[in-house]
Amino acid sequence: MTLFGRRGSLRHARLQLVLAVAAVGVAVALPVVLVSVGGGVSAHELHDLENAGYQIVVSAPGLHGIADSHSLTERMLSISGVSAASPVLSAGIDTFGASGGPTAALAEGVIPAEFLPTLGPSENGLFPSPLPLGDPMDLVHFANGTYQGHATLDVIVSSPFAAAQNLETGQTLYLGPSANRSQAVGYTITGIFGVPPNLLGPIGAFAVVLPLSDLQVITGYGPAATAVVPDASDTIEVAVAGSVSADPSALSSVEAQIQRLVPYYGVSSLNQEATELQQASGVLTGFYLALSSVGLTIGLLFLALVLLRRVEADRRSIGIRRALGVPGRQIAGGIVAEGLFLAALGGVAGVVAGYLIVEAIATFATSTVQEAAQLAIFVPATLAAIVGGVLALSLLASAIATRAALRIEITEALR
């Protein structure tokens, strides 16, 4: 067959070829978009896990569900191989400047000396070191659970918050549990920290960090006599020594010892989370390809119909060639070559279209979708595998057309 038609062929022969390429291209563009964006998001999450700073996390169900956080921290620090244990309490509070109404902010209560060692390298550099929050271990104010000790009343604020509220180091910022200013207590701003995109949650731009015991008193999750959860935190992030982090069996041993300390809480290592994320990523990739198989099937069926139509249009030419003794394998080779060429053109067009779609989404879509698209990764091996799969499947379309060509009766074709 002649690839782009010959004189006397149907007027729309070239249009059929263009449509066949377009159908394959559209079918390829869908898995390119899904796999590149999904893979990029998974790779980003894995990178965050690998650079989290801590290796083990303790969590509990419910709101601020980890009780006795100060004592648990001390007990965890006594475990061989543990280098830092950082309980973190997150809560929404209201802040007040020298004048004006309340401003909502996300507060993080931490033990100053333990917080920075559990941050990843990119986050650690955003905070002043050491944290200027008074008592490093937050034990003076805590006072064995009485909260009667001296409170330093220091706070550090995020740079976006400081810029928006014209806050500077040395000023007083009032923190309270509600919009009632009379319940607020004055804290001295002792530092300002930066905010990476994913730190402290989606509302973390307006954020403050203060000693754990101070935030527990503000929110009512401190003294045992009044708190639903005494000495509460949301998580305890545990960092281990470098030799332990590189040894899976040693890390599992530390994790098991921590689990024995808190049998009713959840304890997981980032190795487990990374493994689960990789497995989930593999499942999602399979799902994306299965979802795309419908489009690929339609595109290849269209390719098969076009090849069949080409065979039908060239019946006389095929009959003459067979009458002249041209082997059937040579005729079949021509059909297969044409099918592969059209599939290759469609595959390349689909990869380019998928890339342009992702770039358009990353530029013009809404914030959440845009952020996901900006994480897209176009892995050449994956794209080549998708195109290679389309080429392999095009052989089925070519086989259908080849079968039709070889079943043409020579005498009928020459009439």
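Keep in mind that what you see is a predicted model, and the values were worked out from it rather than measured.
- Side-chain contact annotation: Gln183 with Ser178, donor-acceptor N/O pair under 3.5 Å present.
- A search for side-chain contact (heavy atoms from CB on, under 4.5 Å) contacts involving Val336 returns Leu340, Leu395, Ser398, Thr402, not counting sequence neighbours.
- Taking CZ of Phe378 as the reference point, atom OG of Ser36 lies at 4.0 Å (rounded to 0.5 Å).
- How far CZ of Arg260 is from CD1 of Ile79: 8.5 Å, rounded to the nearest 0.5 Å.
- Atom-to-atom distance recorded for Ile156:CD1 and Phe193:CZ is 5.5 Å, nearest 0.5 angstrom.
- Residues forming a side-chain contact (heavy atoms from CB on, under 4.5 Å) with Asp234 (at least two apart in sequence, or on another chain): His64, Leu89, Ser90.
- Shortest non-hydrogen contact noted between Glu114 and Ser86 is O-CB, 3.4 Å.
- With sequence neighbours left out, Ser83 forms a side-chain contact (heavy atoms from CB on, under 4.5 Å) with Ala239.
- Shown here is Asn180, whose CG atom has more than 12 heavy atoms of other residues, nucleotides or ligands within 6.0 Å.
- Between the side chain of Thr363 and the main chain of Ala360, no donor-acceptor pair closer than 3.5 Å is present.
- By the ring pair (Phe, Tyr, Trp, His ring centres under 6.0 Å) test, Tyr265 is found to be paired with no residue, residues two or more places apart in sequence or in another chain being considered.
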Show me the donor-acceptor pairs within less than 3.5 Å that the side chains of residues 208-232 make with the rest of the protein, sequence neighbours left out.
from: Ser213; atom 1: OG; to: Asp138; atom 2: OD1; distance (Å): 2.7
from: Ser213; atom 1: OG; to: Asp138; atom 2: OD2; distance (Å): 3.3
from: Ser213; atom 1: OG; to: His141; atom 2: ND1; distance (Å): 3.0
from: Asp214; atom 1: OD1; to: His141; atom 2: ND1; distance (Å): 2.8
from: Gln216; atom 1: OE1; to: Tyr147; atom 2: OH; distance (Å): 2.6
from: Gln216; atom 1: NE2; to: Asp231; atom 2: OD1; distance (Å): 2.9
from: Gln216; atom 1: NE2; to: Ala232; atom 2: O; distance (Å): 2.8
from: Thr219; atom 1: OG1; to: Leu215; atom 2: O; distance (Å): 2.8
from: Thr226; atom 1: OG1; to: Pro223; atom 2: O; distance (Å): 3.4
from: Asp231; atom 1: OD1; to: His70; atom 2: ND1; distance (Å): 2.7
from: Asp231; atom 1: OD2; to: Ser69; atom 2: N; distance (Å): 3.0
from: Asp231; atom 1: OD2; to: His70; atom 2: N; distance (Å): 2.9
from: Asp231; atom 1: OD2; to: His70; atom 2: ND1; distance (Å): 3.3

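- Taking both residues in full, the closest heavy atoms of Ile258 and Met76 are given as CG2-CE, 4.0 Å, listed atom of the first, atom of the second, then distance.
- Side-chain atoms of Gln259 come within 3.5 Å of backbone atoms of Val262 as a donor-acceptor pair (strictly under, hydrogens ignored).
- Thr188 is linked by a side-chain contact (heavy atoms from CB on, under 4.5 Å) to Asp154, Thr190, counting only residues two or more places apart in sequence or in another chain.
- Scanning both residues, Val358 and Ala376, for their nearest heavy atoms gives CG1-CB, 3.6 Å.
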